[in-house]
Amino acid sequence: EITNYKYYVGGQFVQSTSGNLIEIICPYDQSVIGRVQAISKEEADVAIAATKAAQKVWADTDLFKRADLLNKWADQLEIDAEEIAQMIMREVGKTWNDAVKEVTRTAEFIRYTVQEFIHTNDAAMSGANYPGGSKNKFAIIKRIPLGTVLAISPFNYPVNLSVAKLAPALIAGNAVVFKPATQGAISAVKLIESFDKVGFPADILQLITGKGSDIGDYVSEHDGIDMISFTGGATTGRHLSSFSTMKPMVLELGGKDPAIVCEDADIDKTVSEIMSGAFSYSGQRCTAIKRVLVHATVADELSEKLKVEVEKLSVGMPIDNPVIVPLINEGAADYVQGLITDTIAAGAELLVGNKREDNLIYPTLFDHVTTDMRLAWEEPFGPVLPIIRVASDDEAIEIANASEYGLQASVFTQNFSRAVAIAEKIEAGSVQINGRTERGPDHFPFLGVKNSGMGVHGISRTIESMTREKLLIINV
Ligand code: G3H
């Protein structure tokens, strides 16, 4: 029997009165995993309104009580890890090992977030430090919550990237309206089932489910939402930013992260970093390496070695823990296949791949991709990697920066000064020297420039984005 999963409001799992349900299809066996509620705008209104009173009480609750509940949630996630991982695997096609790792990474995330906030102390300033200022004036600068945070999470980390918003919001005293990606919504229900077991007060976290096209805009521009934290595609992110008038917003969007390979790089190490950077979870990571910009003098060696490794990649079903798994849905696989077909037609050299079975796209590697081809610029979110040959560091930097995206980049060279010189010119949130592009460890600031985002994620920065300063000024 197929389960109809409920949404969560007022501390209870309830069914929508809309009577509308959305079927969630497994990406790799096409079976119906379950259905989620498509709630109405009126139900969203009720959920948001109820956070208002609850948030005030929550913000007023002793920090150590809030911390204790969040730590209990981390413990509960570890207890429920297998059950949640099972759903992550079924719903978003992540391998079993990665699904389990996602849940344990999330428990660690919560514990660190609690500690980070506990160690955030109020600051103080004296009026006397400003010319003509009074030594009888003191400011105590506190950090207070913004109110109700709207957390919108993507399919590819349905638990981790959700909690990366929920935990900082809650520890700082905010209430949360949590809208997961529809594909990922059942994993979100599982996540909130574990939240529910811990005994948090009602209405400080509401899980709302439904089509973004039905309730997304309505909720985003709702007066009851005080801040939006979104991770997802650049098109949706740009659209959401139109609702940011007087409303703080943090967006973490797509990328086209380049790996720049200099002729003095340690090629074997570079190959291994590019392989895991580009192909893990079939490239369905915003931070995946999505293009290689290699100096022509080492391009043959690099492409031969990459080809050997791509041919060796394990391909299969998530339960068997291969590197390459089926993509999230048919539309995603169609798009990636379209890019592959287009790149062949454009005259690039296909080294490996161009094979598809349903949503499973086999790992595909192209050499001699040029900047007039779509694959040089578009983000596949799939296991397709273009090699672009360059003549100099300047050319690599120019192509890297010509992208609409600027999330991360990798630079591979054994000359540290050269690495730093290149890194300083790259327009991206982070540049990894001799390592793959990736978000973690989770306490590092994480941000993108241009179409890759707005504002900063990462534990301390997320807390900052969900709080504001409030000054108590004491006149002695
Ligand atoms: O998909 C976007 C994620 O923030 C990437 O996280 O680098 O840990 O895979 P990750």
Side-chain angles (χ1 to χ4, degrees), residues 27 85 88-89 91-95 97-110 112-113 151-168 180-181 183-184 187-188 229-237 250-259 273-290 318 323-325 327-329 332 336 379-383 385 405-410 428-432 435-459 461-462 465:
I88 295 175
M89 183 179 78
E91 191 177 23
V92 304
K94 190 169 274 196
T95 64
N97 286 349
D98 283 351
V100 174
K101 216 186 305 159
E102 177 167 343
V103 184
T104 50
R105 174 181 180 178
T106 302
E108 285 159 14
F109 187 102
I110 295 175
Y112 190 102
T113 302
I152 311 177
S153 56
F155 82 81
N156 63 346
Y157 283 91
V159 165
N160 181 263
L161 278 174
S162 301
V163 169
K165 302 169 189 310
L166 308 185
Q183 189 89 30
S187 304
S229 177
F230 171 80
T231 302
T235 310
T236 312
V250 175
L251 305 174
E252 198 260 286
L253 310 174
K256 184 74 181 172
D257 293 359
E273 293 292 319
I274 290 176
M275 288 302 297
S276 87
F279 292 104
S280 55
Y281 189 32
S282 287
Q284 296 177 109
R285 299 165 52 239
C286 56
T287 46
I289 290 177
K290 295 183 180 126
V323 176
I324 303 296
V325 288
L327 297 184
I328 190 70
N329 56 38
V336 176
E379 180 187 31
F381 233 65
L385 185 65
Y405 296 109
L407 190 57
Q408 293 204 348
S410 292
S430 318
V431 182
Q432 306 263 358
R436 70 170 206 165
T437 46
E438 62 185 2
R439 170 170 47 118
D442 291 338
H443 67 312
F444 280 10
F446 180 54
L447 69 154
V449 301
K450 300 190 273 187
N451 277 348
S452 289
M454 188 167 89
V456 190
H457 281 94
I459 292 175
R461 305 305 194 275
T462 303
S465 74

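Hydrogens, waters and symmetry mates play no part in the numbers below; they use all other heavy atoms, side chains included. Residue indices begin at 1 and follow the sequence shown. All ligand and atom numbering here is 1-based and tracks the order in the structure.
Ranking protein heavy atoms by distance to atom 4 (O) of ligand 1, first place goes to Arg439 NE, 2.9 Å.
No N or O atom of Glu438 sits closer than 3.5 Å to an N or O atom of ligand 1. Residue contacts with ligand 1: Cys286 is placed with a nitrogen or oxygen under 3.5 Å of a nitrogen or oxygen of the ligand (distance criterion only). In terms of N/O distances under 3.5 Å, ligand 1 is approached by Tyr157.
With Gln408 contributing its side chain and Gln432 its backbone, the two residues share no donor-acceptor pair below 3.5 Å. Proximity of a side-chain donor or acceptor of Gln284 to a complementary backbone N or O of Ile328 within less than 3.5 Å is detected.
In summary, the atoms of ligand 1 found under 4.0 Å from a heavy atom of Thr287, numbered by their order in the structure, are 5 (C), 6 (O), 7 (O), 9 (O), 10 (P).
Within a 6.0 Å radius of NZ in Lys101, no more than 12 heavy atoms belonging to other residues, nucleotides or ligands are found.
Within the 4.0 Å heavy-atom criterion, the part of Arg105 lying near ligand 1 is the side chain and not the backbone. At a heavy-atom distance under 4.0 Å, no atom of Gln284 approaches ligand 1. Counting heavy atoms under 4.0 Å from ligand 1, residue Phe446 touches it through the side chain alone. Only the side chain of Asn156 comes within contact range of ligand 1, with a heavy atom under 4.0 Å; no backbone atom does.
Within the 4.5 Å cutoff, no side-chain heavy atoms of Asp257 are placed close to those of Ser410.
With 3.5 Å as the limit, one finds no donor-acceptor pair spanning the side chains of Lys290 and Thr437.
Because its NZ or CZ atom is not both nearer than 6.0 Å to the ring centre of Phe155 and within 45° of the ring axis, Lys94 does not count as a cation-pi partner of that residue.
Expressed to the nearest 0.5 Å, how far CD1 of Ile88 lies from OH of Tyr157 amounts to 10.5 Å.
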